[in-house]
Amino acid sequence: MSARRAPGRIRVGVSGWRYARWRGDFYPKGLPQRRELEHIGTQFDTVELNGSFYSLQRPESYRRWRASVPPDFVFSVKGSRYVTHMLRLTHVEQALANFFASGILALGTQLGPILWQLPARQAFDATTVEAFLRGLPRTTAEALELARRHDERLRDRAWLDVEADLPLRYAIEPRSATFAADDSLRMLQAHGVALVAADTAGTWPRFDALTADFAYVRLHGAKMLYHSAYSAAELEEWAEAARSWADGSGADDGRPRDVYVYFDNDARGHAPHDARALAALLDGAAR
């Protein structure tokens, strides 16, 4: 009889942390803005870093963010929209080199999955997606080699160092139903890339297929995109899903997986409160 595999770890956090509505509510009144991430680190064990989606960040920022949180805290990093929304996943080698040179590797052992969010107009095209996935570095050492090919925009501000050669994890959040096709799922599985389970109040399709050795969940709002809070019943449903993925009972292959859950329903300040509520439901589970 084979030994039972240990469950994966479930991490719960929020997408971003710089929100005015959180001040004096989730953040204690009078807390300096420079200490907001530090407060996040006392409440959660992960955060989704989303500033990297809008522009290339700087190495000193990544180093400062890492120093603000406990050593076992994990940062998921949102990939550049220049890659996903402007280049549309094609001819991206230079953009990827700049992205990896911008300081992401300074997160070291605290670098979690890298998320690629696609625009709704991006339909699944096997040639395009296969080429993109093949071009992604699979380890930090490969990412460093790619980062060394950065262009002049990162001159004198590139981070070109790694603490150790570690595997990289990727998640992809499509917003086109075409990514539910069997060809898409097989391709993501072959590359070990997680298909994001996103709750978007019905605005975009929800995908529940497990295509990697971890699961990635983004909760944008069940009833009103970015605005609505999650009810106790809705949170319990997500808690049960996370538990089943972590212990393998909810996976076709029966394999336990790490699970990353991020709340993005921040328009009315609900995200951190919902994240704390879900984390409380999961206490005593695989966390």
Notebook entry, point to check: Stepwise, does the side-chain contact (heavy atoms from CB on, under 4.5 Å) test hold for Val193 with Thr211?
Noted result: CA-CA 6 Å; Val193 173; Thr211 57; 5.6 Å; no

Qualifying residues under salt bridge (charged side-chain N to carboxylate O under 4.0 Å, His left out), relative to [X], sequence neighbours excluded:
X	answer
Asp258	Arg169
Arg155	Glu152
Glu236	Arg243
Arg81	none

Item checked: Heavy atoms from other residues, nucleotides or ligands near CE of Met224 exceed 12 (cutoff 6.0 Å) ->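 For Met224, atom CE is not crowded (no more than 12 foreign heavy atoms under 6.0 Å).
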
Margin query: With a sphere of 6.0 Å drawn around CG of Asp252, does it hold more than 12 non-hydrogen atoms of other residues, nucleotides or ligands?
Written below: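 No, because the 6.0 Å sphere around CG of Asp252 holds 12 heavy atoms or fewer from other groups.
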
Which residue pairs pass the salt bridge (Lys or Arg N to Asp or Glu O under 4.0 Å) test with at least one member in [range], sequence neighbours excluded?
range	result
residues 196-208	Arg206-Asp208
residues 93-104	Glu93-Arg149
residues 21-41	Arg23-Glu36, Arg35-Glu38

[X] with [Y], same ILVMFWY side-chain cluster at under 4.5 Å:
X	Y	answer
Leu166	Val77	no
Leu281	Val12	yes
Leu105	Leu154	no

Next item on the list: Look at Glu60 together with Arg63 and state whether they make a salt bridge at an N to O cut-off of under 4.0 Å.
Entry: no

Next item on the list: Under 4.5 Å between side-chain heavy atoms, chaining through other members, with only Ile, Leu, Val, Met, Phe, Trp and Tyr counted: pull out the rest of the cluster around Phe214, sorted by chain and number.
Entry: Val74, Leu115, Val196, Tyr216, Tyr260, Tyr262

Item checked: Whichever hydrophobic residues join Phe53 through chains of side-chain contacts under 4.5 Å -> Tyr54

Spacing of [atom1] belonging to [X] relative to [atom2] belonging to [Y], to within rounding of 0.5 Å:
X	Y	atom1	atom2	result
Asp253	Leu210	CG	CG	7.5 Å
Asp72	Arg11	CG	CZ	6.0 Å
Arg218	Ser76	CZ	OG	9.5 Å
Lys78	Ile114	NZ	CD1	14.0 Å
Leu111	Arg66	CG	CZ	9.5 Å
Leu56	Tyr82	CG	OH	10.0 Å

Distance-only criterion, 3.5 Å: show the donor-acceptor pairs between side-chain atoms of residues 122-132 and protein atoms not counting sequence neighbours.
residue	atom	partner	partner atom	Å
Gln122	OE1	Arg88	NE	2.8
Asp125	OD2	Thr127	N	3.4
Asp125	OD2	Thr128	N	2.9
Asp125	OD2	Thr128	OG1	2.9
Glu130	OE1	His191	NE2	3.2
Glu130	OE2	Arg134	NE	2.5
Glu130	OE2	Arg134	NH2	3.2
Glu130	OE2	His191	NE2	3.3

Please tabulate, for side-chain N and O atoms in residues 182-190, each donor-acceptor pair with protein atoms closer than 3.5 Å (sequence neighbours left out).
residue	atom	partner	partner atom	Å
Asp183	OD1	Arg186	NH2	2.5
Ser184	OG	Phe179	O	2.8

Check: Do the side-chain N and O atoms of Gln57 and Ser55 include a donor-acceptor pair separated by under 3.5 angstrom?
Finding: yes

Next item on the list: Using modelled atom types only, decide if a donor and an acceptor are shared between the side chain of Arg257 and the backbone of Ala212 within a distance under 3.5 Å.
Entry: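 Judged by distance alone, yes, a pair lies under 3.5 Å.
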
Next item on the list: For His39, enumerate each residue passing the side chain to side chain contact (heavy atoms under 4.5 Å, CB included) test, keeping only those at least two apart in sequence or located in another chain.
Entry: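 Partners of His39 under the side chain to side chain contact (heavy atoms under 4.5 Å, CB included) test: Phe26, Tyr27, Pro28, Leu31, Thr42, Gln43.
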
Item checked: Aromatic ring proximity, centroids under 6.0 angstrom, Phe99 and Trp116 ->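 Trp116 vs Phe99: aromatic centres under 6.0 Å.
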
Note to self: Given His220, which partner from the list Tyr226, Trp204, Tyr230 fulfils the ring-ring contact (aromatic ring centres under 6.0 Å, His included) test?
What the structure shows: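 In the set Tyr226, Trp204, Tyr230, the residue that makes a ring-ring contact (aromatic ring centres under 6.0 Å, His included) with His220 is Tyr226.
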
